Amino acid sequence: MLLLLLFAWLAGVVTVLSPCILPLLPIILSSADGQGKQKPLGVVFGFVTSFTFFTLFLSSIVKLSGIPAESLRSLSIFILVIFGVSLLIPQVQAQLELLMSRVANLVPHSSKEREKGFVGGLLIGLSLGLLWTPCVGPILASVISFAIAGTVTAQAFLITLAYSIGTAIPMLLIMLAGSTALQKVPWLVRNTSRIQKAFGMLMILTAVGIYFNFDRSFQTYILNTFPQYGTGLTQFEENQKVKNALQQLAPSSNSNQNTSGGPMLLPTQTKGVPAPELIPGGQWFNSQPLTLAELRGKVVLVDFWTYSCINCQRTLPYLKQWWSKYQDKGLVIIGVHAPEFEFEKDPKNVQQAIQDFGLEYPIMQDNDFATWRAYNNQFWPAKYLIDKNGNIRYTHFGEGKYDETEKAIQNLLEEAGQSVSDMTVSNPEYSIHSRTPELYLGYARLQYLSSPESVQPDQVSAYTTPQKLPSNTFAYEGNWQVTAEYAAPQAGAKLHLAFDAQEVFLVARPKNGNGQMKILVDGQAQNVGEDAPEGVVNVSTDRLYKLVKLPSAGQHELTIEFPDNNVEIFAFTFG
């Protein structure tokens with residue numbers, strides 16, 4: 001635990017150099033007002049409090065209150081604009097200082113002048129913490145994945161706190177250096193008023209830029225212009241000691257269970273740990289309900305998946321092959337379907353997906369993520385290989401390593417007394433060419449939206465597309481209803497997406513009967529995917545649709561036209 005705290009703190013210290021943070025640096029510089037250290041201290045205290053709290057609990061707040069994350073973000077931007085205006089207009093500054101003085105009066109035995117500076121900085125820091133979205137490494141990424149699943153532990157809190165304190169140190173040094181310079185450098189002292197006004201304008205412009213997503217466009221420009229910038233900032237987190245420590249991060253995790261994204265030791269090198277039992281509560285498909293206890297003596301492969309996940313879909317052919325190849329030798333594959341979206345909880349939809357993919361092995365629903373939590377799982381897809389004695393002997397998360405996984409299956413079958421040495425291991429790897437991240441379209445996880453308008457949660461509103469669409473972003477055009485989980489286009493609406501990939505997939509479902517989408521790539525309909533013959537997609541079921549498959553990967557612009565209002569779209573993925 002101490003090792004993770006140390007590396008989390010170091011990761012926070014270097015995050016100020018991250019390309020994701022550059023757009024927020026003007027706000028930090030603008031908080032150096034030359035009036036002492038109280039305001040900078042207030043900024044860092046507010047930042048540490050806000051970043052720690054919202055990192056761990058934002059997903060839960062959105063789910064419980066219905067307040068969209070975008071609204072909280074807009075409130076933070078508004079606060080920053082007010083402070084920027086106060087530096088420009090003396091009357092606004094006087095009213096703001098009066099408010100800060102009243103708050104300072106609530107603190108007993110304090111200096112009102114010092115405390116009002118601290119309170120002002122505190123409000124800026126609280127706002128900054130909600131807007132701070134660093135390019136995180138594996139340590140904080142693990143904490144965030146637990147928070148999204150609703151699992152916040154004392155260890156997760158301490159690690160996030162260590163990270164935010166590490167980030168606050170260079171932030172504080174920057175502000176103190178600026179404040180000291182404004183007090184001691186003669187030219188700066190003579191021009192303090194002008195400098196404060198310049199800082200005010202800088203803060204306003206930065207806040208407005210964040211509101212209109214110019215910060216994301218700037219970040220994209222930096223990464224496209226300097227593709228190697230920031231790539232080494234998180235590499236020190238990727239050593240084996242940190243990976244081993246991350247295994248202990250999840251609550252009640254088994255010490256031999258790997259959660260770092262790679263495979264465990266092969267069966268000949270470890271005896272593993274007892275596998276958690278499958279927790280009943282959902283429907284079973286292709287089988288009566290099973291328990292691991294009754295499967296003792298067999299080799300069991302537990303596969304966590306969800307049917308609209310393209311990464312999961314790419315692993316299904318290998319699972320089908322292993323089921324066909326080894327079921328008579330004592331291999332049992334159990335798919336644990338843990339849904340990412342609400343519509344994936346419907347047993348009819350799951351049954352249809354199982355038929356569409358031709359899956360014949362047993363599959364159970366895990367709508368409440370009970371089995372997922374029992375395994376301390378974090379990934380789709382995730383494979384846990386269990387030996388004849390009920391011990392987890394091998395894990396793998398994500399795609400790939402198919403030959404290695406099959407060899408692990410063979411080793412455990414040999415241990416169980418089966419002869420499989422004559423069976424050839426040959427699993428071709430699927431190549432992924434995408435440089436565009438997964439894009440969610442509902443406001444709860446909305447990122448990379450380039451439409452200049454602010455999202456109006458759950459309301460039908462008009463949106464526009466910028467003249468130039470930045471790489472790896474999308475924009476709505478026309479009338480859209482954006483909900484927490486999906487976006488619903490109205491008749492005549494369009495969506496524009498600038499992507500860098502070979503294949504494009506979209507999770508969608510029909511709303512009222514069948515819906516339709518017209519697909520254009522760089523203005524043409526001929527380069528289309530499996531579900532878009534002649535550029536037209538008929539949306540008839542809730543699933544992942546294969547929109548685009550190009551001869552090779554590259555930068556392109558996808559346009560989707562919606563002739564009706566019978567489609568709801570959830571997320572893009574790429575290959």
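Numbers for residues simply follow the sequence, beginning at 1. No hydrogens, no waters, no symmetry mates; every other heavy atom, side chains included, goes into these values. Remember, predicted model here, so these are calculated numbers, not experimental data.
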Nearest heavy-atom neighbours spanning F369 and P339: CZ-O, 3.1 Å
With side-chain hydrogen bond (donor to acceptor under 3.5 Å, both in side chains) as the criterion, how do Y394 and T405 come out once you've worked through the C-alpha distance, each side chain's angles and the decisive distance to 0.1 Å? CA-CA 8 Å; Y394 175 91; T405 302; 3.1 Å; yes
Exceeds 12 heavy-atom contacts within 6.0 angstrom, atom NZ of K511: yes
Taking only residues two or more places apart in sequence, or in another chain, which ones meet E568 in a salt bridge (Lys or Arg N to Asp or Glu O under 4.0 Å)? R509
If only atom types and distance count, is the side chain of W9 paired as donor or acceptor with the main-chain N or O of S164 below 3.5 Å? no
Over all atoms of both residues, closest heavy-atom pair of A382 and F397: CB-CD2, 3.4 Å
Could you measure the distance from the CD atom of Q410 to the CH2 atom of W322? Nearest 0.5 Å is fine. 11.0 Å
Within-4.5 Å side-chain heavy-atom neighbours: V504 and F499: yes
Quick one: pull up OH in Y448 and CZ in F572 and give me the separation to the nearest 0.5 Å. 15.0 Å
Worked verdict on K320 versus E360 for salt bridge (Lys or Arg N to Asp or Glu O under 4.0 Å): CA-CA 8 Å; K320 290 166 61 177; E360 298 178 354; over 6 Å; no
When you compare the side chain of L278 with that of M364, does any pair of heavy atoms fall below 4.5 Å? yes
Checking T315, L319, L316 against P381 for side chain to side chain contact (heavy atoms under 4.5 Å, CB included), the one that qualifies is T315
Donor-acceptor pair between D458 and T483 side chains, under 3.5 angstrom: no
Which pairs count as side-chain hydrogen bond (donor to acceptor under 3.5 Å, both in side chains) when at least one residue sits in residues 534-548, sequence neighbours excluded? N349-D542, Q516-N538, D531-R543, T541-R543
Nearest 0.5 angstrom please: Q321 CD to Y326 OH, how far? 8.0 Å
For residues 277-291, the side-chain hydrogen bond (donor to acceptor under 3.5 Å, both in side chains) pairs (sequence neighbours left out) are T291-E294
Enumerate, atom names and distances included, each donor-acceptor pair closer than 3.5 Å involving a side-chain atom of residues 352-359, sequence neighbours excluded.
residue	atom	partner	partner atom	Å
Q352	NE2	D356	OD1	2.9

Ring centre gap for W480 and F562 strictly below 6.0 Å: yes
Are more than 12 heavy atoms from other residues, nucleotides or ligands located less than 6.0 Å from atom CH2 of W323? yes
Under the side-chain contact (heavy atoms from CB on, under 4.5 Å) rule, what do F505 and F574 come out as? Steps first, then yes or no, please. CA-CA 6 Å; F505 310 91; F574 305 88; 5.7 Å; no
With a 4.5 Å heavy-atom cut-off, do T52 and I165 have their side chains touching? no
Does the side-chain contact (heavy atoms from CB on, under 4.5 Å) test come out yes or no for Y163 and F51, once each step is laid out? CA-CA 9 Å; Y163 185 95; F51 181 82; 3.7 Å; yes
Please name all residues satisfying side-chain hydrogen bond (donor to acceptor under 3.5 Å, both in side chains) with S308, sequence neighbours left out, ordered by chain then number. E344
Walk me through it: do K298 and L331 pass the test side-chain contact (heavy atoms from CB on, under 4.5 Å)? CA-CA 6 Å; K298 295 181 178 292; L331 174 68; over 6 Å; no
Tell me if the aromatic rings of F570 and Y440 count as close, with their centers under 6.0 Å from one another. no
Are V332 and L301 close enough that some pair of their side-chain heavy atoms sits under 4.5 Å apart? no
With sequence neighbours left out, what residues match D366 under salt bridge (Lys or Arg N to Asp or Glu O under 4.0 Å)? none
Tell me yes or no: between the side chains of Y307 and Q313, is some donor less than 3.5 Å from an acceptor? no
Around D368, counting heavy atoms of other residues, nucleotides and ligands shown, do more than 12 lie under 6.0 Å from its CG? no
Closest approach of L497 and L439, non-hydrogen atoms and distance? CD1-CD1, 3.5 Å
Got V567 and M517 here, is their nearest side-chain heavy-atom distance under 4.5 Å? yes
Taking the side chain as every heavy atom from C-beta outward, state whether I560 and I519 have any pair of such atoms under 4.5 Å apart. yes
Determine, step by step, whether Y361 and Q327 satisfy the side-chain hydrogen bond (donor to acceptor under 3.5 Å, both in side chains) criterion, reporting the C-alpha distance in whole Å, the side-chain angles of both residues, the deciding distance to 0.1 Å, and the verdict. CA-CA 9 Å; Y361 50 82; Q327 63 171 312; over 6 Å; no
Is there a donor-acceptor pair under 3.5 Å between the side chain of D387 and the backbone N or O of N389? yes
Can you see which heavy atom on A571 is nearest to which on L441, and at what distance? N-CD1, 4.1 Å
With rounding to the nearest 0.5 angstrom, report the CD to NE2 distance, Q502 to H556. 9.0 Å
Measure the shortest side-chain to side-chain distance between I333 and V302 over non-hydrogen atoms and say whether it is less than 4.5 angstrom. no
Would you check, one step at a time, whether the test side-chain contact (heavy atoms from CB on, under 4.5 Å) holds for V300 with L292? CA-CA 8 Å; V300 180; L292 296 183; 4.0 Å; yes
E503 side chain vs V548 backbone, donor-acceptor pair below 3.5 Å: no
Evaluate the side-chain proximity of N566 to V539: yes if any heavy-atom separation is below 4.5 Å, no if none is. no
Is the backbone of A498 close enough, under 3.5 Å, to the side chain of Q555 for a donor and an acceptor to pair up by distance? no
Contact summary for I392 and P276, nearest pair of heavy atoms: CD1-CD, 4.0 Å
State the CG-OH distance between D303 and Y384, to the nearest 0.5 angstrom. 10.5 Å
Any donor and acceptor pair, going by atom type alone, linking the side chain of D346 with main-chain N or O of K348 inside 3.5 Å? yes
Here the gap from L506 atom CG to L547 atom CG, rounded to the nearest 0.5 Å, amounts to 5.0 Å
What is the minimum heavy-atom distance between K329 and Q418, and which atoms define it? O-CG, 2.8 Å
